[in-house]
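Since the structure comes first, as structure tokens, the remarks are kept for the end.
These numbers were taken from a predicted model, which means no experiment stands behind them. Counting begins at 1 with the first residue of the sequence.
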Amino acid sequence: MSEVKAGLGYTEEHEWAEAQGSNVVRIGITDFAQSQLGDIVFVELPEVGATLEANETMGTIESVKTVSDLFSPVSGTVVKVNEALLDSPEKVNEEPYGEGWIVEVEVSGDAAEAVAALLGADKYSEFIANK
């Protein structure tokens with residue numbers, strides 16, 4: 001069974017989002033997603049300063065099985081990328097909710113509200129139970 005952490009927002013594309021202060025959202029992929037992908041070998045990160053639109057592609061993630069698009073769950077500007085993934089993409093497999101985070105995005109409104117607009121842990125758990 002995949003881990004689904006309470007307090008995060010989730011998408012049907014298997015990204016998670018967590019408020020980091022008043023207007024920054026940290027984004028990663030879920031435990032379910034990393035387990036489906038298998039061993040991750042490369043993560044293409046967006047540039048700091050890039051403008052992201054909710055539900056639009058923000059990069060790619062490559063595993064031994066496939067290459068998948070990464071989708072931003074929120075709209076905003078990339079303020080930080082997890083550069084550690086460039087040398088150690090396996091961190092996404094090892095700690096998808098910790099050291100394996102992908103980007104931080106500054107949103108125009110309240111970060112907690114942006115996260116609350118996504119699927120909650122219970123709804124996401126139901127969603128992946130049917131996969």
Side-chain angles (χ1 to χ4, degrees):
M1 187 74 189
S2 297
E3 178 186 10
V4 178
K5 287 184 66 174
L8 303 179
Y10 296 90
T11 69
E12 291 186 359
E13 288 79 27
H14 309 290
E15 281 82 23
W16 59 262
E18 178 180 34
Q20 299 282 302
S22 63
N23 66 339
V24 174
V25 175
R26 179 173 279 182
I27 300 167
I29 68 166
T30 66
D31 186 42
F32 177 82
Q34 71 79 23
S35 67
Q36 294 294 305
L37 288 169
D39 293 336
I40 293 169
V41 296
F42 181 74
V43 180
E44 176 193 42
L45 301 167
E47 297 285 326
V48 171
T51 301
L52 302 179
E53 294 294 326
N55 306 313
E56 297 292 324
T57 304
M58 65 175 182
T60 59
I61 191 162
E62 183 176 344
S63 71
V64 294
K65 293 181 186 178
T66 188
V67 176
S68 298
D69 286 332
L70 295 169
F71 295 92
S72 180
V74 297
S75 296
T77 304
V78 177
V79 292
K80 191 173 182 182
V81 297
N82 188 352
E83 292 183 6
L85 299 181
L86 299 176
D87 293 326
S88 303
E90 68 277 2
K91 287 184 181 296
V92 175
N93 291 116
E94 296 164 0
E95 295 184 72
Y97 300 114
E99 295 298 312
W101 64 274
I102 296 169
V103 297
E104 290 185 354
V105 176
E106 184 177 333
V107 295
S108 60
D110 182 67
E113 288 178 13
V115 170
L118 302 171
L119 296 174
D122 290 346
K123 292 282 187 199
Y124 183 70
S125 292
E126 288 175 25
F127 178 71
I128 62 173
N130 297 318
K131 293 287 172 198

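A donor-acceptor contact shorter than 3.5 Å links the side chain of Asn82 to the backbone of Glu99. Between the side chain of Trp16 and the main chain of Ile29, a donor-acceptor pair closer than 3.5 Å is present. No donor-acceptor pair under 3.5 Å is formed between the side chain of Thr77 and the backbone N or O of Gly49. Between the side chain of Glu104 and the backbone N or O of Lys80 there is no donor-acceptor pair closer than 3.5 Å. A donor-acceptor contact shorter than 3.5 Å links the side chain of Asn93 to the backbone of Ile40. Thr57 places no side-chain N or O within 3.5 Å of a backbone atom of Gly59 that could act as its donor or acceptor partner. Remark: side-chain polar atoms of Lys91 are not paired, donor with acceptor, to backbone N or O of Gly98 under 3.5 angstrom. Asn23 contributes no side-chain N or O that, together with a main-chain N or O of Ser108, makes up a donor-acceptor pair within less than 3.5 Å.
Scanning all heavy atoms of the two residues, the minimum distance from Ala121 to Ala6 falls at CB-CA, 3.9 Å. Ala33 approaches His14 most closely through the heavy-atom pair CB-CB, 3.6 Å. A pairwise comparison of heavy atoms in Val43 and Pro89 identifies CG2-CB, 4.2 Å as the closest pair. Closest of all the heavy-atom pairs between Leu118 and Ala17 is CD1-CB, 3.7 Å. In terms of heavy-atom proximity, Pro73 sits nearest to Thr11 at CB-CG2, 3.4 Å. When all heavy atoms are compared, the tightest approach of Ala111 to Gly21 is CB-O, 3.7 Å.
Within a 6.0 Å sphere centred on CG of Asp122, heavy atoms belonging to other residues, nucleotides or ligands number 12 at most.
Under the 4.5 Å side-chain criterion, counting only non-hydrogen atoms from C-beta, Leu37 is in contact with Thr66. At least one side-chain heavy atom of Ile102 sits under 4.5 Å from a side-chain heavy atom of Leu45. Inter-residue side-chain proximity for Glu44 and Val67 is flagged as unmet; no heavy-atom pair is nearer than 4.5 Å. The shortest distance between side-chain heavy atoms of Val81 and Leu86 does not fall below 4.5 Å. Taking 4.5 Å as the limit, some side-chain heavy atom of Glu15 sits within range of a side-chain heavy atom of Leu70.
Note that CD of Glu3 and OG of Ser125 are 10.5 Å apart. Values are rounded to the nearest 0.5 Å. A distance of 10.0 Å separates CG of Asp31 from CD of Gln36, quoted to the nearest 0.5 Å. Distance check, rounded to the nearest 0.5 Å: OG of Ser22 to CD of Glu113 gives 11.5 Å.
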Before giving the answer on side-chain contact (heavy atoms from CB on, under 4.5 Å), spell out for Val78 and Leu52 the whole-Å C-alpha distance, their side-chain angles and the decisive distance to 0.1 Å. CA-CA 7 Å; Val78 177; Leu52 302 179; 3.6 Å; yes
Determine whether Tyr97 and Thr30 satisfy the following criterion, side-chain contact (heavy atoms from CB on, under 4.5 Å), listing intermediate values before the conclusion. CA-CA 7 Å; Tyr97 300 114; Thr30 66; 3.7 Å; yes
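With sequence neighbours left out, the ring-ring contact (aromatic ring centres under 6.0 Å, His included) criterion links Tyr10 to Tyr124.
Under a hydrophobic clustering in which Ile, Leu, Val, Met, Phe, Trp and Tyr are joined whenever their side-chain heavy atoms come within less than 4.5 Å, directly or via other members, Leu8 and Phe127 fall into the same cluster. Hydrophobic clustering (ILVMFWY, side-chain heavy atoms < 4.5 Å, transitive): Val48 and Val79 are in distinct clusters. Note on Val74 and Phe71: separate hydrophobic clusters, where clusters join Ile, Leu, Val, Met, Phe, Trp and Tyr whose side-chain heavy atoms are under 4.5 Å apart, directly or indirectly. Under a hydrophobic-cluster definition in which Ile, Leu, Val, Met, Phe, Trp and Tyr are linked whenever side-chain heavy atoms come within less than 4.5 Å, directly or via other members, Ile61 and Trp101 are assigned to different clusters. Side-chain heavy atoms closer than 4.5 Å link hydrophobic residues (I, L, V, M, F, W, Y) into clusters, and following such links, even through other members, never connects Ile27 to Val4.
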